[in-house]
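Comments concern the structure below.
Chain letters run A, B, ... following the sequence lines, proteins first and then strands; every chain starts at 1. Below, all heavy atoms of this structure are taken into account, side chains as well, without hydrogens, waters or symmetry copies.
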Number of protein chains: 2
Amino acid sequence: MPAPDTQGVILEVASRLFASRGYDAVSMRDVAMEVGGTPANLYYHFKDKEHLIRATLAHVFSQRTAPLEKVLLSGSRPSDPLEIFIEWFVGLLFSDSVFARLLLRELLDGDSARLKYLSETVFERPFALITRVVAGYSTPTDPVLFAVSVIGLVLGHFQLAGILPHLPGGHAEFADPATVSRHTLELLRRILQAGPHERDAH
Amino acid sequence: MPAPDTQGVILEVASRLFASRGYDAVSMRDVAMEVGGTPANLYYHFKDKEHLIRATLAHVFSQRTAPLEKVLLSGSRPSDPLEIFIEWFVGLLFSDSVFARLLLRELLDGDSARLKYLSETVFERPFALITRVVAGYSTPTDPVLFAVSVIGLVLGHFQLAGILPHLPGGHAEFADPATVSRHTLELLRRILQAGPHERDAH
DNA sequence: GTCTATACGCGGATAGAC
DNA sequence: GTCTATCCGCGTATAGAC
């Protein structure tokens, strides 16, 4: 077994806490306590709280998006890449709340510098992959813009899942991954088939 | 002119600060200072911070969503209700960062009790209205689920607007309201036209 | 690497005068 | 209604021993 690897343990604990409660609501004391150490030791491994946050984000985002490349290549032949992506992304969001919540936190509160940093270090690749996937279809507008729609649609469904049960007509099943996955795919297929380029598609 | 109305002033200031920095990062002192008063006086008007937050949210959400009913009715005839809604919602999100950010904050961090409270007091009506709008078209699946897609799609575009300029191919114009509005409408129209119920629509 | 001890300001919240 | 004064715990961060 590998050495205890304190840094890794800290990042795991921090990612869980930051994701569920937010950066401000989680103190260095909280993280240290749950790691089984002291705040002082955290400051040995990370210069300050901001650096711990950045390291946590980079760790989680890069780790979780790394499989995408493989997933897209190794899909079973009959399914199309868009389906593979949607199912992977929906599955990730709904099953991995650490990833999901940290991502939404950054989109909401990440300052421009942090977003730029994260884009360059981790998001560029996966976003380019998704753009290339949708570019394989005959998109009604610019593929990049359409990629944003695809990601946004899934993200939106995930976010609304929490409030949906309280809204009129909002059955709980509308907020489950299988439904979201099937439904968004259905919508996207209709868009992809309805265009004037229909003949060239597929 | 109406009386100074301290409560209202507090809510305005609080909504601005909470929206931009988050609840934890804004102290009662911060709010008091910007209001031109003291923390003690805030506690005269609101039991504690949690109550101030709830009052702020209810204030902002109900105020901003109130016009929706009128907007949907008074649309110029040639445009369809979905277009009216999309343009209103996109415009609201992109022009009113207080509303937009508080909404996203709640979807992310609102506990179930607060989401239930907000749903019952302010979101039920607008959501039902939107559901009814989309139900006027031949939606491919359940109208409620489709309403979630419509809201989610717009919300997703708005959220990604902040990071888009840093991503490959992410031109700044893709993140502006006019583009988002036009583009999402284009997508939705394709979905609405592609269904097997096409003949019955419109 | 990890600890103990500690500095010091800021946080929510209340008592009681005006 | 609004203030001054205050309590007290918790926050980040560091010094220095082990």
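Applying the salt bridge (Lys or Arg N to Asp or Glu O under 4.0 Å) test to Arg29(B) and every residue at least two apart in sequence or in another chain returns nothing. In this view, Ser97(A) satisfies the side-chain hydrogen bond (donor to acceptor under 3.5 Å, both in side chains) rule with no residue, not counting sequence neighbours. With sequence neighbours excluded, the residues forming a side-chain hydrogen bond (donor to acceptor under 3.5 Å, both in side chains) with Thr141(A) are His183(B), listed by chain and number. Glu173(B) meets the side-chain hydrogen bond (donor to acceptor under 3.5 Å, both in side chains) test with no other residue; sequence neighbours excluded. Under the side-chain hydrogen bond (donor to acceptor under 3.5 Å, both in side chains) criterion, Asp24(B) pairs with no residue, sequence neighbours left out.
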**Asked** What is the per-nucleotide protein-contact pattern of nucleotides 4-10 of chain D, from the 5' end, where B denotes a base atom under 4.0 Å from a protein heavy atom, S denotes such proximity for sugar-phosphate atoms only, and - denotes neither?
**Response** B------
**Request:** May I have the step-by-step check of salt bridge (charged side-chain N to carboxylate O under 4.0 Å, His left out) for Glu186(B) and Arg182(B), ending in yes or no?
**Result:** CA-CA 6 Å; Glu186(B) 165 76 11; Arg182(B) 187 167 18 87; over 6 Å; no
**Prompt:** Run the side-chain contact (heavy atoms from CB on, under 4.5 Å) check on Gln7(B) and Phe46(B) step by step: do they pass?
**Reply:** CA-CA 9 Å; Gln7(B) 291 239 7; Phe46(B) 302 94; 3.6 Å; yes
Can you give each donor-acceptor pair under 3.5 Å made by side-chain atoms of residues 51-60 of chain A, sequence neighbours left out, with the distance rounded to 0.1 Å?
| unit_1 | atom_1 | unit_2 | atom_2 | d |
| --- | --- | --- | --- | --- |
| His51(A) | ND1 | Asp48(A) | OD1 | 2.8 |
| Thr56(A) | OG1 | Leu52(A) | O | 2.7 |
| His59(A) | NE2 | Glu12(A) | OE2 | 2.9 |

Please tabulate, one pair per line, all N/O donor-acceptor pairs under 3.5 Å involving side-chain atoms of residues 151-158 of chain A, not counting sequence neighbours.
| unit_1 | atom_1 | unit_2 | atom_2 | d |
| --- | --- | --- | --- | --- |
| His157(A) | NE2 | Ser149(B) | OG | 2.7 |

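Taking every nucleotide of DNA chain C with any atom under 4.0 Å from a non-hydrogen atom of chain A, the first and last of them, 5' to 3', are dG1(C) to dT4(C).
Within the cation-pi definition used here (under 6.0 Å to the ring centroid, within 45° of the axis), Arg190(A) does not qualify as a partner of Phe146(B).
For the segment residues 11-21 of chain A, no residue has any heavy atom less than 4.0 angstrom from an atom of DNA chain C. Across residues 43-58 of chain A, Tyr43(A), Asp48(A), Lys49(A) each have a non-hydrogen atom less than 4.0 Å from an atom of DNA chain D (numbered order).
Every pair passing salt bridge (Lys or Arg N to Asp or Glu O under 4.0 Å) that includes a residue from residues 88-101 of chain A is listed here, sequence neighbours excluded: Arg64(A)-Asp96(A), Arg101(A)-Asp109(B).
Val26(B) comes within contact range of the sugar-phosphate backbone alone, with a heavy-atom separation under 4.0 Å but no base atom that close.
Below 30°, between 30° and 60°, or above 60°: for Phe61(B) and Phe123(B) the angle between ring planes is between 30° and 60°, a tilted geometry.
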